[in-house]
Protein chains: 2
Amino acid sequence: MEPQRRPGGRSARVREAVLDATTAELAERGYQGLNVDSVAQRAGVHKTTVYRRWGGPEGLVADALERASEQPWPIPDTGTLAGDLRGLAELVRVGFDDPESGPVATAFVTAGMQHPDAAAALRRFYAARHDEAAVIVARAVERGEVEPDIDADEVVRLAIAPLFHRLFITHEPVTAEQARRAADVAAALARTPRES
Amino acid sequence: MEPQRRPGGRSARVREAVLDATTAELAERGYQGLNVDSVAQRAGVHKTTVYRRWGGPEGLVADALERASEQPWPIPDTGTLAGDLRGLAELVRVGFDDPESGPVATAFVTAGMQHPDAAAALRRFYAARHDEAAVIVARAVERGEVEPDIDADEVVRLAIAPLFHRLFITHEPVTAEQARRAADVAAALARTPRES
């Protein structure tokens, strides 16, 4: 479901309060512990308001992701492709490792495995993130570091997919060295002529 | 918790029946729908037997994963690194796409995001799978296709991590072409001299 959105005014303030409460609840209890009553109480709104506008936990997660994607990523600009990709991989690693943002980010991923609305929201969220990060590759093309026909999206994904694989599939910790290595592999691939 | 295991005999037959029932329930209802009562009923055993030996859904999933890892992967042997990695990536893709195995495999991954016992079981399961698949790289070294100091585990992970990333993080479909491409990237990396 698509929540109504009006810029400014009471509706926007309610949305901010409810999504702040959603984020705080996700940080404390994870997606499985998210419920409309606690969110409504924390936000100081009536629970019927939350049910009417967001439907349920999956609608809250979807809108919280929508809001999160409005906050741009601090894409690194170090002057080299490898440096920028290292910065990007480190951004992902730290984002999940941080005691404040980590539990929320983890709850978003967990929600995607449990509800199709959350999965669709994650798909949109990461599509936007990958688009933002593609500037790293565009700059490398401008500098002549890589060929113009490079698949920017693939390079971005390659720098971060191994981290997600460890965090959420094989359940292994991710070190700064592993993040660096994933970035370097993506940079090496970017410089390798593509085979047919 | 570690379930008791005695080779052969009634205990082994009970385990088979309970894990078959667990797998069938996971296929039908996913991890969130898994409960001890339904598994016990389906297996034709008393539910206290299941609670005592497996503790709960997370113990059932952990032991089902343990049993699954006893079934070896049909590791491809095509004569080239790229061919073998393509076969491996396709094995993963088809495993999640197949109407029979897909829902169970997906339920395993989902369980790992929801319970630490399941996460630990997945970590062991994939460590064993990656060990099995490393033979692909060992053969390539024997053939002189790649340098002996190659990190086999990294090459294996690289051929499959992008698929897991699509399936469970960004929630995008994975095509046979994308699986092939992930394998080719891993093969290309394996042939690229490692930078410090």
Side-chain angles (χ1 to χ4, degrees), chain A residues 30-32 82 92 96 105-130 151 153-173 178 181-182 184-196, chain B residues 30-33 82 92 105-130 151 153-173 178 181-182 184-196:
Chain A
Y31 178 65
Q32 282 149 288
V92 170
F96 285 106
T106 300
F108 283 151
V109 174
T110 306
M113 311 264 291
Q114 290 179 57
H115 200 285
D117 286 2
L122 273 175
R123 187 162 54 242
R124 291 190 297 272
F125 175 79
Y126 282 115
R129 285 299 192 229
H130 297 168
D151 184 339
D153 184 68
E154 180 180 57
V155 174
V156 166
R157 287 167 184 261
L158 201 59
I160 59 177
L163 316 186
F164 284 101
H165 186 234
R166 281 184 177 268
L167 289 170
F168 297 107
I169 308 298
T170 64
H171 298 279
E172 297 162 288
Q178 284 162 340
R181 176 66 187 156
D184 288 356
V185 164
L189 171 87
R191 289 187 299 258
T192 306
R194 191 164 170 153
E195 293 166 54
S196 64
Chain B
Y31 178 65
Q32 283 150 288
V92 170
T106 300
F108 283 151
V109 174
T110 306
M113 312 261 294
Q114 289 179 59
H115 201 285
D117 287 2
L122 273 174
R123 188 163 52 242
R124 291 191 297 272
F125 176 79
Y126 282 115
R129 285 300 193 228
H130 297 168
D151 184 340
D153 185 68
E154 180 180 56
V155 174
V156 166
R157 287 168 185 259
L158 200 60
I160 60 178
L163 316 186
F164 283 101
H165 185 233
R166 281 184 178 268
L167 288 170
F168 297 107
I169 308 297
T170 64
H171 297 280
E172 298 162 287
Q178 284 162 340
R181 175 65 187 157
D184 289 356
V185 164
L189 171 86
R191 289 188 299 259
T192 304
R194 189 163 171 155
E195 292 164 56
S196 63

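The chains referred to below are lettered A, B, ... by the order of the sequence lines, with proteins before strands, and numbering in each begins at 1. Computation of the quantities below employed the complete heavy-atom set of this structure, encompassing side-chain atoms and omitting hydrogens, waters and symmetry-equivalent molecules.
In this structure, the separation between OG1 on B/T170 and CZ on A/R129 is 14.5 Å, given to the nearest 0.5 Å. The line from NE2 of B/H115 to CD of A/Q32 is 9.5 Å long, rounded to the nearest 0.5 Å. Considering CD of A/Q178 and CZ of B/R157, their distance stands at 7.5 Å, rounded to 0.5 Å. Between A/M113 atom CE and B/Q114 atom CD the span is 8.0 Å, to the nearest 0.5 Å. With rounding to the nearest 0.5 angstrom, the CG atom of A/L122 is 8.0 Å from the CD1 atom of B/I169.
Heavy atoms of A/H165 lying under 4.5 Å from chain B belong exclusively to its side chain. With a 4.5 angstrom heavy-atom cutoff, B/L167 does not touch chain A via any of its atoms.
Heavy-atom pairs under 4.5 Å with chain B peak, among A/P116, A/G112, A/A120, A/A127, at A/G112. Contact count against chain B (heavy-atom pairs under 4.5 Å) is highest for A/H171 among A/R123, A/R166, A/H130, A/H171.
When side chains are defined from C-beta on, B/T192 does not count as touching A/L189, because their heavy atoms never get closer than 4.5 Å.
Shown here for B/A161 and A/P162, the closest heavy-atom pair between the two residues is CB-CA, 4.2 Å.
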